**Student:** 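Got a structure for you, written out below as structure tokens; questions coming shortly.
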Amino acid sequence: MLDMGFVRSNLALVEEKLRARGADPAALLGDFRSLDQRRREAITQAETLKARRNELSQQVGALKRQGQDATALMDETRALKDKLDELDKTAAALDDEMRLALSRVPNLTRDEVPEGKSEADNKTVKEWGAKRSFDFEPRPHWELGEQLGILDQERAAKLSGARFAVYYGAGARLERALISFMLDLHTAKHGYTEVLPPFMVNSKSLFGTGQLPKFAEDLFRTSDADAEAVARGEFKDADHWLIPTAEVPVTNLYRDEILDEARLPIAFTAYTPCFRAEAGAAGKDTRGIIRQHQFQKVELVKFVKPEDSEAEHEKLTRDAEEILEALELPYRRVLLCTGDTGFSSAKTYDLEVWLPGQGLYREISSCSNFEAFQARRANIRYRAGGAKGKSEFVHTLNGSGLAVGRTWLAILENYQQADGSVMVPEALRPYMGGMERIVRQP
RNA sequence: GGAGGGAUGGGUGAGCGGUUGAAACCGGCGGUCUUGAAAACCGUUAUAGCUGAAAGGCUAUCGGGGGUUCGAAUCCCUCUCCCUCCGCCA
């Protein structure tokens with residue numbers, strides 16, 4: 001969420017930044033100036049009357065203590081009541097309207113983010129690794145997986161419908177090995193603390209990271225979650241939604257807390273399954289396991305001081321890249337343009353892995369700096385310089401380190417052999433019980 | 001699921017419906033003293049909104065929401081969470 005005072009005094013800049021995203025400032029902010037003014041007027045009116053009421057009530061108390069008659073004052077105060085109720089209601093309604101409007105406004109992108117409309121305008125800032133050359137036609141992972149007997153999409157569809165997968169034998173083991181490998185590297189080498197959060201969260205948490213209220217249709221919810229209430233801006237602390245990413249529970253760990261400056265930066269890594277409705281993606285990526293309703297991911301989350309967030313963003317992105325490098329998977333780093341940057345993010349790098357079976361790069365990690373956008377929504381602050389310092393919003397960051405399912409399929413496509421077997425990357429062999437090659441399962 | 005108890009500032013913890021935004025203690029910060037430190041003593045120490053050039057003023061906040069009342073941390077209803085006991089259970 002943007003700061004109301006900031007929007008008020010930088011309206012032109014905010015509108016320009018929203019246009020750069022391809023958003024319509026008028027639709028998002030409406031008549032911000034008018035709403036802002038009406039809100040403040042209503043608050044001032046209501047509060048003036050409240051001050052009068054409080055003053056009279058105190059006088060009533062003083063008279064009563066002296067044993068004198070106070071009915072005249074009591075009548076006067078009672079007469080204020082209807083007017084006060086009305087003013088209070090108006091003020092509260094306008095305040096709610098303002099908050100809901102602001103909660104639907106995306107973050108402002110940083111100045112170095114290239115302007116553009118779609119992923120076509122993203123900027124490749126780095127390429128790593130040599131693409132393997134094959135003396136045969138490399139095949140896509142869905143063919144390799146099915147023929148090796150480690151991937152079963154047909155039975156998954158029977159169990160759960162489209163966009164689910166069943167893994168067997170070395171395939172299941174490979175997924176588990178990747179999770180352990182990633183967590184071990186991030187904790188031992190990059191200094192992250194492993195955390196295992198709940199896989200269901202309440203709507204308040206989803207508001208905190210920015211998925212609600214705007215993106216409810218992308219989420220799976222349970223029977224106690226009320227989508228209509230959420231649309232009205234009511235967020236409960238006792239309903240249940242499936243997490244679309246570990247970013248949600250992990251970032252919300254410190255919701256409504258004030259952190260000690262000395263504790264920053266805080267770095268967490270978490271393995272969780274992720275659940276996404278993929279509502280707007282009908283018919284997209286239907287082959288293979290690129291786009292699933294459930295996939296596994298190892299996530300990186302950081303809480304940092306504002307002045308450190310840019311450097312921490314670079315570091316976090318490097319931490320994700322090192323997984324790809326350790327697995328010797330060619331990739332490129334892409335700086336997302338304004339139009340492709342996510343709702344809550346000020347700046348995002350995507351890491352795209354090379355998939356020779358399909359002859360294209362695919363996103364395998366997305367590393368974002370949210371600056372204070374999430375911290376303001378989730379009320380995550382830190383206090384600088386002991387008790388004297390004023391509390392300030394932290395900056396939050398996160399990135400995939402990595403999407404496990406996509407790493408799995410990248411290994412199949414990059415390490416495939418002419419006979420359809422798949423070599424196990426060296427770094428992964430200890431996690432696979434020493435297995436060097438995945439061959440057809442019985 | 002049943003019965004009971006609880007939720008107060010950074011922490012512990014008081015609080016007859018009426019100068020209680022809130023005692024006291026701890027912690028933090030500033031100071032006195034000291035060569036320095038400790039101790040002792042003194043002072044200070046919440047958040048947000050509205051208003052104001054500023055100083056300041058006003059409003060709200062004692063888990064969330066609603067109600068009673070001239071007036072609510074205090075009374076009533078409701079929700080959430082925590083604790084104890086019982087039941088069920090991986």
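A note on names: the letters A, B, ... follow the listed sequences, proteins ahead of strands, and every chain is numbered from 1. If you're wondering where the values come from, they're calculated on a predicted model, not measured in any experiment.
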**Student:** Mind telling me whether His293(A) and Phe164(A) have parallel, tilted or perpendicular rings, with 30° and 60° as the class edges?
**Tutor:**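 Taking His293(A) first and then Phe164(A), their aromatic rings sit tilted (interplane angle of 30° to 60°).
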**Student:** For nucleotides rG63(B) and rG10(B), find the distance between their P atoms and express it as a whole number of Å.
**Tutor:**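 Comparing P positions in rG63(B) and rG10(B) gives a spacing of 13 Å.
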**Student:** Let's test this: given Watson-Crick or G-U wobble pairing with both distances under 3.5 Å, identify the partner of rU80(B).
**Tutor:**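 Paired with rU80(B), as far as the under-3.5 Å criterion goes, is rA7(B).
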**Student:** Are Arg40(A) and rG49(B) close enough that a side-chain N or O sits under 4.0 Å from OP1 or OP2?
**Tutor:**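 No, outside the criterion.
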**Student:** Could you tell me how far rC82(B) sits from rU8(B) if I compare only their C1' atoms? Round to whole Å.
**Tutor:**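 Result for the C1' pair: 15 Å, nearest Å.
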**Student:** Using the P atom on both, measure rG4(B) against rG9(B) and round to a whole Å.
**Tutor:** 27 Å
**Student:** What class does the angle between the rings of His186(A) and His190(A) fall in, given that below 30° is parallel, 30 to 60° is tilted and above 60° is perpendicular?
**Tutor:**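 His186(A) vs His190(A) ring planes: tilted.
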**Student:** Pick out which of Leu412(A), Val166(A), Val439(A), Leu144(A) makes a side chain to side chain contact (heavy atoms under 4.5 Å, CB included) with Ile150(A).
**Tutor:** Leu412(A)
**Student:** Rounded to the nearest Å, what distance is computed from the CG atom of residue Leu49(A) to the P atom of nucleotide rU51(B)?
**Tutor:** 17 Å
**Student:** Is the shortest distance from a Lys or Arg side-chain nitrogen in Asp36(A) or Arg40(A) to a carboxylate oxygen in the other one below 4.0 Å?
**Tutor:**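 Arg40(A) and Asp36(A): salt-bridged.
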**Student:** Check the distance between rG49(B)'s C1' and Asp3(A)'s CG and give it to me in whole angstrom.
**Tutor:** 12 Å
**Student:** Say we look at rC16(B) and rC86(B): how far apart would their C1' atoms be, to the nearest angstrom?
**Tutor:**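 Those two atoms are separated by 38 Å.
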**Student:** For atom C1', what is the distance between rG49(B) and rG21(B), given to the nearest Å?
**Tutor:**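 Rounded to whole Å, the distance is 16 Å.
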**Student:** Looking only at atom P, what distance separates rU61(B) and rA73(B), rounded to whole Å?
**Tutor:**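 Looking at atom P only, rU61(B) and rA73(B) are 7 Å apart.
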**Student:** Please check: side-chain N/O of Thr90(A) versus main-chain N/O of Glu86(A), any donor-acceptor pairing under 3.5 Å?
**Tutor:**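 Yes, because the side chain of Thr90(A) sits within donor-acceptor range (under 3.5 Å) of the backbone of Glu86(A).
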**Student:** For Asp256(A) and rU80(B), give me the distance from atom CG to atom P, rounded to whole Å.
**Tutor:**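 After rounding, the gap between these two atoms is 19 Å.
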**Student:** Between atom CD in Gln59(A) and atom P in rU19(B), what is the gap in whole Å?
**Tutor:**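 Interatomic distance, CD of Gln59(A) to P of rU19(B): 14 Å.
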**Student:** Output yes when at least one side-chain N/O atom of Arg53(A) is less than 4.0 Å from OP1 or OP2 of rA60(B), else no.
**Tutor:** yes
**Student:** May I ask which nucleotide in the shown strands pairs with rG1(B), Watson-Crick or G-U wobble, both distances under 3.5 Å?
**Tutor:**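 The base-pairing partner of rG1(B), which may sit in any strand shown, is rC86(B).
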**Student:** Take atom C1' in rC25(B) and the same atom in rG13(B), then report the distance between them in whole Å.
**Tutor:**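 One C1' to the other, the span is 8 Å.
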**Student:** Pick the nucleotide of RNA chain B nearest each of Ala51(A) and Arg381(A); which residue has the one closer to the 5' end?
**Tutor:**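 So the residue in question is Arg381(A).
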**Student:** Nearest whole Å is fine: how far is rC79(B) P from Lys204(A) NZ?
**Tutor:**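 My rounded result for the distance is 16 Å.
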**Student:** With both distances kept under 3.5 Å, what pairs with rG27(B), Watson-Crick or G-U wobble?
**Tutor:** rU45(B)
**Student:** At less than 4.0 Å, is any side-chain N or O atom of Arg8(A) found next to OP1 or OP2 of rG49(B)? Yes or no.
**Tutor:** no
**Student:** Provide the distance between the two P atoms, one in rU34(B) and one in rC50(B), to the nearest whole Å.
**Tutor:** 49 Å
**Student:** Would one find a side-chain N or O of Asn54(A) under 4.0 angstrom from OP1 or OP2 of rG18(B)?
**Tutor:**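 False: Asn54(A) side-chain N/O out of range (4.0 Å or more) of rG18(B) OP1/OP2.
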**Student:** Under 4.0 Å between a side-chain N or O of Arg39(A) and OP1 or OP2 of rC50(B)?
**Tutor:** yes
**Student:** Mapping Ile43(A) and Thr77(A) to their closest nucleotides on RNA chain B, which lands nearer the 5' end?
**Tutor:** Ile43(A)
**Student:** Lys305(A) pairs by salt bridge (Lys or Arg N to Asp or Glu O under 4.0 Å) with which of Glu312(A), Glu261(A), Glu310(A)?
**Tutor:**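 Output: one option passes, namely Glu261(A).
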**Student:** Give none if rG56(B) has no partner; otherwise give the nucleotide forming a Watson-Crick or G-U wobble pair with it, both distances under 3.5 Å.
**Tutor:** rU51(B)
**Student:** Do the rings of Phe207(A) and Phe235(A) sit parallel, tilted or perpendicular, given the 30° and 60° boundaries?
**Tutor:**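 Answer is tilted, since the angle falls between 30° and 60°.
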**Student:** In whole Å, what is the span from the CD1 atom of Ile258(A) to the P atom of rU45(B)?
**Tutor:**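 Roughly 17 Å, once rounded to whole Å.
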**Student:** Establish whether the base of rG49(B) is bridged to the side chain of Glu47(A) by a donor-acceptor pair shorter than 3.5 Å.
**Tutor:**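 Donor-acceptor pair under 3.5 Å: yes.
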**Student:** Ignoring the backbone of Ala238(A), work out which of rG49(B), rU80(B), rU69(B) is nearest its side chain.
**Tutor:** rU80(B)
**Student:** Round to a whole Å and report the spacing from CZ of Arg376(A) to P of rU47(B).
**Tutor:**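 So the two atoms are 17 Å apart, to the nearest Å.
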**Student:** Output the rounded distance in Å from NZ (Lys81(A)) to C1' (rG71(B)).
**Tutor:** 10 Å
**Student:** Looking at rA60(B), rU51(B), rG18(B), which one has an atom nearest to any side-chain atom of Val60(A)?
**Tutor:**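 In terms of side-chain proximity for Val60(A), the closest of rA60(B), rU51(B), rG18(B) is rG18(B).
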**Student:** rU20(B) pairs with which nucleotide, Watson-Crick or G-U wobble, both distances below 3.5 Å?
**Tutor:**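 Pair assignment: rU20(B) / none.
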